[in-house]
Amino acid sequence: MKHSDYPPLILSIDTSCDETSGAITLGRVILANVVASQIQIHKKYGGVFPTLAKRAHQKNIEPVVNSCLKKARIKPNQLDAIAVTQGPGLAPALEVGIKYAINLAEKWDKPLIAINHIEAHALSTLVKRNSRQYKTKKMLTIKKNKKRQKELKSNDFPNWRTNFTNQELPALALVVSGGHSEFILIKKIGDYSILGQTIDDAAGEALDKVGRMLNLGYPAGPVVEKVAKNGNEKQFKFPLPMTTKKNFNLSYSGLKTSAHRLIKRLEEENKINQHTIFDLAASFQYAVFRHIGYKLDKLLQHFDDQNEMIDQLWLGGGVASNIALRKHLRQILKKYHIKLNVPFAKHLCGDNAAMIGIAASFHYQKNNFVQ
Ligand code: KG4
Ligand code: ZN
């Protein structure tokens with residue numbers, strides 16, 4: 001019996017930015033996902049303060065790990081591996097998770113898997129809710145006692161190995177977060193090409209910065225989404241960036257400068273009030289998403305020209321939880337008969353360790369361990 005015959009039980013850790021997260025996953029199924037947010041700490045600085053982030057991760061990591069083991073009712077000796085985000089992210093923050101994971105792997109004598117944070121966001125739509133469909137308890141018992149493997153029925157744990165059909169792969173992933181905005185072609189799990197990415201700020205970063213100019217707090221992205229609902233997205237016109245460039249890269253610095261100038265002018269003219277803030281949020285959010293939509297459309301046209309067939313867009317990253325973005329993308333995808341896949345819950349769009357566990361389960365099957 002090969003170790004890869006069963007879905008791996010993995011403890012994952014992510015400390016890439018301002019959230020300490022731990023998760024227990026069995027194959028693609030979440031058994032526990034715990035996130036300790038530092039938003040309250042960084043709020044007063046309007047952004048992540050690295051030394052404070054490091055200190056908070058150091059304080060939170062042990063309780064987070066213990067809490068997810070407890071929630072999943074898992075003992076360390078049952079685990080198949082430990083996985084940790086190795087980057088990209090904030091170096092002092094990443095370091096806390098990496099050191100902790102190395103120590104655990106040594107202490108519990110488990111293989112260690114290093115995961116790229118963007119790969120995990122790109123695969124986050126594959127995370128499955130623990131439902132009755134999965135005979136989780138039975139699977140854990142059989143993993144402990146291999147003699148009982150005959151009891152396992154083929155549909156006890158469907159699709160854990162993700163037997164992707166030709167319909168699902170290749171897929172296009174779009175990762176839009178506070179640090180990244182990327183179009184990634186997923187030929188197979190583990191075989192990726194970056195087709196376009198931001199050349200300056202990320203989409204979430206642009207929303208956060210402009211939201212901050214409007215005093216919408218930190219992180220401003222979700223607040224921009226909320227207040228934009230009361231505003232008119234056509235009220236203020238922003239340029240569409242990078243239209244003369246034939247590539248699929250994104251750029252937000254020009255949009256950010258336009259917003260800054262506009263807000264300054266409105267301030268000078270004493271025109272900033274609740275109403276203009278709503279309109280500015282709606283118009284800027286629209287500009288950010290229109291730019292993504294424009295480049296996505298160009299990319300899909302290019303796929304058509306090249307006879308490259310894809311059926312699905314996998315959307316991940318904090319900004320992926322935005323309903324206006326999903327709507328905007330669906331409109332474009334409709335033309336190409338492409339389906340939008342999003343993580344099954346909004347909290348799986350933002351940083352979380354469950355997505356690290358799912359990416360790690362694929363690496364586990366390929367024996368991609370840290371030596
Ligand atoms: O994926 P994530 O949690 O962390 C990074 O890897 O960066 O993404 C955080 C980003 C922040 O910029 C935040 O403002 C943005 O995602 N965000 C949103 C929404 N929720 C989070 N942006 C727009 N609409 C939202 N609902
Ligand atoms: Zn992230």
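As the structure is a prediction and not an experimental result, all values here were calculated from the model. For ligands, and for the atoms within them, numbers begin at 1 and follow the listed sequence.
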[X] versus ligand 1: do any nitrogen or oxygen atoms come within less than 3.5 Å of each other?
X      : result
Gly318 : yes
Leu207 : no
Gly179 : yes
Gly204 : yes
His180 : no
Gly221 : yes
Glu19  : no

Taking N, O or S atoms only and a limit of 2.8 Å, check whether His117 reaches the Zn ion (ligand 2).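 Here the distance criterion (N, O or S atom, under 2.8 Å) is met by His117, so yes.
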For the Zn ion (ligand 2), what is the closest N, O or S atom on Asp351?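 This residue's closest N, O or S atom turns out to be OD1.
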Of all N, O or S atoms in His121, identify the one at the shortest distance from the Zn ion (ligand 2).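 Within His121, restricted to N, O or S, the Zn ion (ligand 2) is closest to atom NE2.
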A quick test of your reading: do over 12 heavy atoms of other residues, nucleotides or ligands sit less than 6.0 Å from NE2 of His347?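 Enclosed.
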Which one holds for Asp351 and ligand 1: side chain close, backbone close, both close, or neither close, with close meaning a heavy atom under 4.0 Å?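 For Asp351, backbone and side-chain atoms both sit under 4.0 Å from ligand 1.
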Can you check whether Asp201's main-chain N or O pairs, donor with acceptor, with Ser253's side chain at less than 3.5 Å?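 Pair absent, no side-chain N/O of Ser253 close to backbone of Asp201.
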Keeping Asn341 on the side-chain end and Leu313 on the backbone end, is there a donor-acceptor pair under 3.5 Å?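 No; zero donor-acceptor contacts below 3.5 Å.
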Any atom of ligand 1 sitting under 4.0 Å from a heavy atom of His117?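 Within the 4.0 Å threshold, so yes.
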Does NZ or CZ of Lys234 fall inside the cone over Tyr286's six-membered ring, less than 6.0 Å from its centre and within 45° of the axis?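 Judged by the rule (NZ or CZ under 6.0 Å from the ring centre, within 45° of its axis), Lys234 counts as positioned above Tyr286.
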